[in-house]
Structures are given as C-alpha cells and as structure tokens.
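Remarks on the structure that follows.
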Amino acid sequence: MTSRMMKYVLVTGGVISGIGKGIIASSVATILKSCGLHVTAIKIDPYINIDAGTFSPYEHGEVFVLDDGGEVDLDLGNYERFLDIRLTKDNNMTTGKIYQSVITKERRGDYLGKTVQVVPHITDEIQEWVVKQAKVPVDDDQVEPQVCVIELEGTVGDIESMPFIEAFRQFQFKVKKENFCNIHVSLIPQPSATGEQKTKPTQNSVRELRGLGLSPDLIMCRCFSALENSVKEKISMYCHVEPEQVICVHDVSSIYRVPLLLEDQGVVSYLSRRLNMPIDAKPGKMLTKWKEMSDRSDRLLEPCSIALVGKYTKFSYASVIKALEHSALAINHKLEVKYIDSTHLEELEEPVKYHEAWQKLCSSHGVLVPGGFGVRGTEGKILAINWARKQKKPFLGVGLGMQLAVCEFARNELGWTDANSTEFNPETKHPVVIEMPEHNPGQMGGTMRLGKRRTLFKSSSSVLRKLYRDAEYVEERHRHRFEVNAELKSPFEDKGFHFVGQDVEGERMEVIELDDHPYFVGVQYHPEFTSRPIKPSPPYLGLLLAAAGKLQSYLLKGCRLSTRDMYIGSSTSDSESSN
Ligand code: GLN
C-alpha cells in the first residue's frame, strides 16, 4: 500500500450510540471543506448485511438511496447534505461487503492456499477498501479528495467493530502519523440539570480505545450544557491529551450550529497542524452560509404545517423531513410536521385516534404522502389524498404517494371503483399501477429500479418544471418495483390529470399534475435524497410555497422569493435549484 498524501480522519464512538456521531463527523468534514479542501466520507456499518436494501423501516429507519442505486445507511445522507457531495455505494462499508469480497477472492484462489483469517485478510481488505474509495471524486468538479472522514458505527469495544479497529490500528502506521488522526466522540452525562458533569464513562472508553491501539487526537464531548473548565481539565488529565484537544459539543438550537461550534474551538487549526495541512483556517464562504442558516432557523416564527401521512415511524422518513425543513427554511417559515399514521384515518374502530388523525389532517396547510411498501395503511392514504384534492390543499405524493394519487383519481373521478396497484390487489379489473417487467421476484436485495434516472418534462406549462427552473429534464433517485400503467393513461388526461414527466423512452410515468388545483403534484422518484439545506428540492419547495400561500407570487416573479425571504447575499439561483 502506498502512502499518499490523503489525510484520514477516523471518527469513533464511546459510551453509547445515538449521541450524534454522524452529525459531528459531517460537521468536521464541513469545516474542512469550508477551508477549500476536497473532502469525502466513508461510513462503516459493522453488520453482516451487504447493504441496507433489505432492512425493515420499522427496525432501521430510512433506506437512503444514492445516484448509483446503492441502498445505504441513512447517515450517508448527512454527508451528502452537509458537504453537498454525491457518494457511491462503496462509501458505505459493511462487514458483509468485506467478507463477500474476501470469500470471492478465496474461491478464486487468490490467497494461494493460505489459511484465510480475520488478521491479516479481513483487516487488509478493510484498509485497501478505504484507500481505494477515499480517492473517488465526490464533488461536481470531479477532483480527487484530499481528506477522507471515516465514521465507524457503534461504540468502541463492540465485538462487531473489532476487525475495523484493528485495521485502523495497523493503518495509522502504514499511512504515517501526519496522515491519520482519530476523533473520539464521547458522552459526558449530567445526572441532573444542575448537577455535576461526569467524566468517568469517557475515561473508560478512551482507556478501552488506547488498549486497542488507537489514541484520540480530539475528544469530542457530547453534553447537555457547555463543559466547565474544571471538567475539561479533568478529561485532559485522565485521558492524556492537552486541554485544547477536548472539544465541547453541547446541545445547540439546530444541527446547522455544530460546524460553527467546532470551528469556534479551533478544530480546523488543530487538524491543520496535526495533519500537516497548510490551509487557510478562516471559515470560508460556506461556513458563513451555515451561520446565516442557523440564525435564520432560530428566528423563524411564521408556522407552516405539513401532514405527513405514513405508516412507519417518523425516523423512517428522515430525508423527507429534512427536505421539508430545507424548504421551510428557504422560505422563512417554521416547519411543523404533523405525523399521521394512515391506518388511523381508515376506520372508526379506535374513534379517538381516528378523530385525532383527521383533526391533524384538516388543520394542516399541506399534505405529503411519502413512499412505502405493502398494503397496510394504503386506504388511509387514499382518503387523505382524496381530501387534499377535493379541498384544494397543497399535496405532494412521493413514490407510493404518487401511485396512490393515481388510484384515488381512478376510483373517484373515472368511476373505476376497484382501481388499485397490483401490489395490493393483483385481481383488480383496473390495474392502474402494475409491476415493472424487470422486477425479479425471489431475490430481495438490489432488485428494484434504483438510483439516478432521467425524467423528461413533456409539457412546458408544468408547475414542477417551472420550479426546476424550466429544466427540460431532471435526474433524480428512484427505488420502486411498480409503476403507473401507461396503457390506461388517456382517460386521466381527458379529465385534467396529466402525466407531465416521463422517462426517456416515454414508457414510465414519472410526474403527475392536476389542473385547477393550487398544487397537486406526484413524483415516482424520491427528490428528498438530493435536497440540500441551501438548495431545497423543487417538489418540496413547491409544496411549502403553496402551503404558505407564496407559490403564485414566486412563479410570477420568475422563481424568486421576496427580498424579505431571500438569504442575504444569495442569488435565487443558488438557493433553490437542486439539479
Ligand atoms: N411499493 C411501491 C413500488 O414498489 C412504491 C415504492 C416507493 O414508494 N418508492 O413501486
């Protein structure tokens, strides 16, 4: 393995998981990028699954989809959103992928009859993967990255992550000290709000890390309120680091503040010295934008509520909620997501839940039906779509949400009362949504229509096309097995329900829009995956604008916000387009 000048930053976790390691790792990457460096990220998930494609949304939350069709951990979304980059499936390493690769090599005879072992074969494979993947360009300019942030899931000491820790123990010597550092994210519990900040769990986890051969260069301490000096000194003394290497990451008003918090404590100048990177440590223009976003987010007053009609937990709609947040922030509104379990809209068996669900729906400014799988809850979603259509409430249907909008219209406007997707009723006389020919039943992982595909706009009067700044086509990410039955589309068009976006062959219906409605849009693709804090996704932006009563003026002004709502110093073109 050659020692390139690539700088590697390994982020490990201590004490407990779920304390924001992904946000901290993304924030470190963001401040380095703000200094003009090209930064990439690798997320390591030490589970045996090959990828997140077969995960249940109930157990694991959202499956994040990449341009290349990779179905990955939702943390990859943090890196893409924070850094405004595009990752590939190999930026998500799993134990399953590493073993699969080693076993394939073993079957091919690559190991020349040797016994294949965790050390050195698995650990070598991990290191080779990192070196190779770190070089893959992730920015629009296709320049090879200079820094690679590697986030190791879980906490130090987990059985699953041992081969990875061992791989990096070896790696630090191979790539040389000035090219590798470790950030350890730990928790400082404070048993009562006024009580003492406790350092013992951090001391223990750092000791464990050192015992495995890695030494933290920065200890990032998650805590409720700012670290007291005496506590910082104590961590410095017991964990054998300088006080400047102890970084306080206390709770802040929004995640946009985390990069600023790290920058304020000299993280960039420390890393530039430690990794021998001659960089301008002053925050660049990019960080100024984060400051602006944080300040704006703290000042938001005017509410805009969106009913999110799904059936999984809120956690499963992470990117959808982020996309809504980006759009609300862009138009200066305080987002309120009213989560509704669609099964509660269905029947009166549980009258309290039924009434609560309908009350939430009716009091929202806009309705969003996201993607999903399986029949449960679909009838409730159809009822919500029917309500939004008839009451002229702004509506966005994504994936399944779009497919159900087609079912709803067929049933209630075309009189095809049994219209359905064959996913839910294979016997229906009106199969308005059907299985795609390439779907391969039996094999579960990676068998859907996945990743970035082109959608052409068929009509220049399409609202969505205007929101995409009059683009002739867009390239968004997909994840589906079923599609609108194009053979049945004429009766829809005759009644003002238009298929305004189609795939390049004109065979797949990708975007629907309804006449005489403030905003009734459905997309087969998932625009939430490419939404960025300062570049909100157009279909989501349209929903928020319509819900806030600002869509018409926005369109009339040629897709410009009022000066009051615009970001200071930003041209509208870089605040709204996502392509
Ligand atoms: N279950 C539907 C399909 O497979 C919708 C999937 C989705 O929402 N992306 O086509």
Side-chain angles (χ1 to χ4, degrees), residues 51-58 60-67 69-72 74 77 308-313 316-321 323 342-343 367-382 384-385 395-408 410 419-426 428 431-453 455 475-486 488 499 501-503 507-512 521-531 537 539-540:
D51 60 29
T54 53
F55 276 173
S56 153
Y58 294 106
H60 293 276
E62 171 187 89
V63 174
F64 193 80
V65 180
L66 300 170
D67 276 353
E71 298 170 282
V72 295
L74 54 87
L308 174 58
V309 187
K311 71 167 174 180
Y312 309 122
T313 58
S316 316
Y317 301 110
S319 295
V320 167
I321 293 173
S342 60
T343 57
V367 179
L368 174 74
V369 179
F373 296 84
V375 68
R376 204 178 66 85
T378 49
E379 292 302 320
K381 290 176 187 172
I382 289 178
I385 296 166
F395 164 78
L396 176 64
V398 175
L400 179 65
M402 177 246 203
Q403 296 174 356
L404 293 178
V406 173
C407 297
E408 189 282 320
N420 214 332
S421 164
T422 55
E423 181 179 1
F424 313 126
N425 178 7
T428 173
V432 288
V433 177
I434 51 172
E435 197 163 345
M436 283 183 289
E438 62 264 55
H439 173 222
N440 177 5
Q443 273 287 93
M444 287 314 272
T447 55
M448 288 188 249
R449 181 170 178 249
L450 286 165
K452 188 168 94 171
R453 311 279 173 143
T455 297
E475 289 183 321
E476 296 274 18
R477 297 176 181 174
H478 293 69
R479 185 172 187 249
H480 63 126
R481 292 195 181 95
F482 292 79
E483 62 177 343
V484 170
N485 185 351
L488 300 180
F499 298 90
Q502 299 172 8
D503 72 341
E507 287 166 1
R508 304 222 140 98
M509 305 302 114
E510 293 272 4
V511 183
I512 57 131
V521 172
V523 286
Q524 178 59 68
Y525 52 77
H526 292 271
E528 60 272 17
F529 295 133
T530 47
S531 184
S537 162
Y540 284 87

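Order of appearance sets the numbers: ligands from 1, and atoms from 1 within every ligand.
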**Request:** Evaluate salt bridge (Lys or Arg N to Asp or Glu O under 4.0 Å) for R453 paired with D503, printing each intermediate quantity in order.
**Result:** CA-CA 8 Å; R453 311 279 173 143; D503 72 341; over 6 Å; no

**Request:** Could you walk me through whether R479 and E528 pass the salt bridge (Lys or Arg N to Asp or Glu O under 4.0 Å) test, one step at a time?
**Result:** CA-CA 12 Å; R479 185 172 187 249; E528 60 272 17; over 6 Å; no

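For the pair Y540 and V320, the minimum side-chain heavy-atom distance is below 4.5 Å. Using a 4.5 Å heavy-atom cutoff, the side chains of T378 and L404 are in contact.
Annotation: G371 places no N or O atom under 3.5 Å from an N or O atom of ligand 1; distance criterion only. Considering backbone and side-chain N/O of L400, one or more are found under 3.5 Å from N/O of ligand 1. For ligand 1, the polar-atom distance check against H480 finds no nitrogen or oxygen pair separated by under 3.5 Å.
Summarising the geometry of L488 relative to P431, their closest heavy-atom pair is CD1-O, 3.6 Å, with the distance given to 0.1 Å. N420 and E379 make their closest contact through ND2-OE2, 4.4 Å (heavy atoms, listed as atom of the first residue, atom of the second, distance).
Residue contacts with ligand 1 for H526 involve side-chain atoms from C-beta outward but no N, CA, C or O (heavy atoms, distance under 4.0 Å). Contacts between R481 and ligand 1 below 4.0 angstrom, taking non-hydrogen atoms only, involve backbone and side chain alike. Counting heavy atoms under 4.0 Å from ligand 1, residue M448 does not touch it at all. The side chain of Q403, and not its backbone, has at least one atom closer than 4.0 Å to an atom of ligand 1 (non-hydrogen atoms only; side chain from C-beta on).
Scanning the protein heavy atoms around atom 10 (O) of ligand 1, the nearest turns out to be F482 N, 2.8 Å. Distance from atom 2 (C) of ligand 1 to its nearest protein heavy atom, with residue and atom name: E423 OE1, 3.3 Å. Looking from atom 5 (C) of ligand 1 to the surrounding protein, the closest heavy atom is G372 O, 3.4 Å.
Under 3.5 Å, the side chains of S316 and E62 contain no donor-acceptor pair of N or O atoms.
The side chain to side chain donor-acceptor pair (under 3.5 Å) test with Q524 singles out one residue from H480, E476, H478, E510, and that residue is H480.
Interface atoms of ligand 1 facing R479, defined by a heavy-atom separation under 4.0 Å, are 6 (C), 7 (C), 9 (N).
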